[in-house]
Amino acid sequence: MRRYSKHTDEDDIRSRPNRKGNRPRTNIRPKHEEAVGGMVLTVDRGRLTCLVEDRVVMAMKARELGRKAAIVGDRVAIVGDLSGQKDTLARIVRIEPRTSVLRRTADDDDPYERVVVANADQLAIVTALADPEPRPRLIDRCLVAAYDGGLEPLLVLTKSDLAPPDKLLELYGDLDIPYVVTSREELENGDAAGRVREQLDGKITAFVGHSGVGKTTLVNALVPVERRRLTGRVNAVTGRGRHTTTSALALPLDGDDGWVIDTPGVRSFGLHHVDPSRVIHAFPDLEPGTEGCPRACSHDEPDCALDQWVADGHADPARLYSLRRLLATRERTEGD
């Protein structure tokens with residue numbers, strides 16, 4: 001074994017080369033006190049468009065964040081070139097804690113969770129009354145995702161000139177969900193935007209819906225002209241809408257009193273990630289009744305204490321039915 005004396009020359013010391021050519025790793029992370037706050041507007045192949053004060057800045061995620069990804073709506077801390085000029089690139093060094101998260105999976109048996117939007121106050125579920133036909137099970141799933149993620153739901157029913165809204169509204173009357181009903185003419189002349197706008201002022205609202213329901217058309221009516229997106233039509237053969245929105249995008253309301261986040265049209269909304277025990281939080285009149293439930297109660301079994309809670313007059317039976325219908329959505333497909 002080779003030994004070195006106290007007079008060893010530096011050339012005698014063996015050093016292990018760094019094959020990757022990068023800097024040695026360290027557990028010490030920079031604090032970045034000089035970082036400036038911003039909001040993520042959209043994400044495209046690793047590049048994040050952020051709003052910093054009144055400037056739009058392109059940024060990338062810093063290596064020190066590891067696998068943690070920033071999504072639309074995230075509040076972030078940014079360093080580097082924040083001028084917003086062409087060909088400049090800043091770095092996102094911190095993602096602030098989220099107040100709400102809209103998540104989904106591709107299917108109920110898919111464990112891969114997709115985080116769609118962060119920090120939204122409410123979820124506008126846009127559904128056409130016809131062309132394409134409404135899908136109540138998809139609405140139910142969006143409601144479960146909203147309740148689970150901490151967002152308040154809003155129903156926006158479009159194309160009322162093709163079919164009446166009464167039957168669909170009756171399904172959700174017991175949930176006390178605010179709603180707006182619009183027609184195609186109202187979408188075109190701007191009347192619909194005014195009534196929807198009343199529900200959006202001062203809030204960050206994520207829009208979700210099946211392709212072809214008029215979601216992006218409505219969003220375009222709510223935002224400044226220069227920020228509008230392309231729209232498509234429903235396929236006459238399949239009855240399905242065409243995907244014209246391919247990525248989520250945050251847009252300021254006309255007048256800058258709130259934000260709308262347009263998301264790509266969905267054809268499925270998996271709920272693999274949802275913990276059914278959290279859905280009860282959306283039913284404050286039923287939640288106290290769960291104290292007598294057995295451990296890990298599904299709230300739809302013979303020993304569930306909610307049956308007695310309702311029988312004693314503490315809540316409307318229709319509310320318990322609505323809760324169980326939403327919980328059951330996780331076990332069903334969206335196609336019916």
Working for side chain to side chain contact (heavy atoms under 4.5 Å, CB included), residues Leu175 and Phe283: CA-CA 8 Å; Leu175 292 174; Phe283 295 79; 3.4 Å; yes
Residue pairs fulfilling ring-ring contact (aromatic ring centres under 6.0 Å, His included) with at least one residue in residues 307-328, sequence neighbours excluded: Trp309-His314
Gly214 backbone acceptor or donor facing Lys159 side chain under 3.5 Å: no
Hphob cluster co-occupancy, Leu249 + Val196, side-chain heavy atoms under 4.5 angstrom: yes
Asp300 and Ser298: side chain donor to acceptor below 3.5 Å: no
Residue pair Val115, Arg98: steps toward the side chain to side chain contact (heavy atoms under 4.5 Å, CB included) verdict: CA-CA 12 Å; Val115 183; Arg98 295 163 177 166; 4.3 Å; yes
Heavy-atom closest contact (Ile125 atom, Cys142 atom, distance): CD1-CB, 3.6 Å
Transitive ILVMFWY cluster of Leu89, excluding itself - 4.5 Å side-chain cut-off: Met58, Met60
Sole candidate of Leu41, Val43, Asp74, Thr42 that passes side chain to side chain contact (heavy atoms under 4.5 Å, CB included) when paired with Leu48: Val43
Side chain to side chain, Arg324 and Cys304, heavy atoms closer than 4.5 Å: yes
Intermediate values then yes/no, side chain to side chain contact (heavy atoms under 4.5 Å, CB included), Glu185 and Asp161: CA-CA 8 Å; Glu185 181 181 354; Asp161 50 306; over 6 Å; no
Point-to-point distance, once rounded to the nearest 0.5 Å, from CG of Leu123 to CD1 of Ile204: 13.5 Å
Between CG on residue Leu251 and CZ on residue Phe207, distance to nearest 0.5 Å: 10.5 Å
Residue pair Leu129 / Pro164, side-chain heavy-atom distance below 4.5 Å: no
Sub-4.5 Å side-chain heavy-atom contact between Val117 and Val208: no
Validation row: Ile95, Val76 side chains within 4.5 angstrom (heavy atoms): yes
Any donor-acceptor N/O pair, Arg75 side chain to Asn119 backbone, under 3.5 Å: no
Nearest heavy atoms of Ala250 and Met39, plus distance in Å: CB-CE, 4.1 Å
Set of salt bridge (Lys or Arg N to Asp or Glu O under 4.0 Å) partners for Glu96, sequence neighbours left out: Arg94
Neighbour count above 12 (heavy atom, 6.0 Å) for Gln199 CD: yes
Under the salt bridge (Lys or Arg N to Asp or Glu O under 4.0 Å) test, residues paired with Asp191 that sit two or more places apart: none
Pairs meeting criterion salt bridge (charged side-chain N to carboxylate O under 4.0 Å, His left out) with involvement of residues 50-61, two or more places apart: Glu53-Arg55
Close side-chain approach of Thr49 to Asp44, heavy-atom, < 4.5 Å: no
Donor-acceptor contact below 3.5 Å, side chain Thr205 vs main chain Ala124: no
Arg103: salt bridge (Lys or Arg N to Asp or Glu O under 4.0 Å) partners, not counting sequence neighbours: Glu113, Asp148
Contact list for residues 196-206, test salt bridge (charged side-chain N to carboxylate O under 4.0 Å, His left out), sequence neighbours left out: Arg197-Asp201
Reported CG-to-OH distance for the pair Leu143 and Tyr172, which is rounded to 0.5 angstrom: 6.0 Å
Residue list, side-chain contact (heavy atoms from CB on, under 4.5 Å) with Ala130, at least two apart or on another chain: Glu133, Leu162, Ala163
Stepwise side chain to side chain contact (heavy atoms under 4.5 Å, CB included) check, Leu323 with Leu306: CA-CA 11 Å; Leu323 168 67; Leu306 288 177; 3.8 Å; yes
Pairing residues for Glu301 by the salt bridge (Lys or Arg N to Asp or Glu O under 4.0 Å) criterion, not counting sequence neighbours: none
Contacts of Ala192 that satisfy side-chain contact (heavy atoms from CB on, under 4.5 Å) - sequence neighbours left out: Thr182, Glu186, Leu187
Distance (rounded to the nearest 0.5 Å) between Leu218 CG and Asp262 CG: 9.5 Å
Where at least one partner belongs to residues 284-296, residue pairs that pass salt bridge (charged side-chain N to carboxylate O under 4.0 Å, His left out), sequence neighbours excluded: Asp285-Arg319
For Ala69, all residues meeting side-chain contact (heavy atoms from CB on, under 4.5 Å), sequence neighbours excluded: none
Spatial distance of atom OG1 (Thr127) from atom CZ (Arg135) [nearest 0.5 Å]: 10.0 Å
Gap separating the NE2 atom of His299 from the CG atom of Leu320, nearest 0.5 angstrom: 10.0 Å
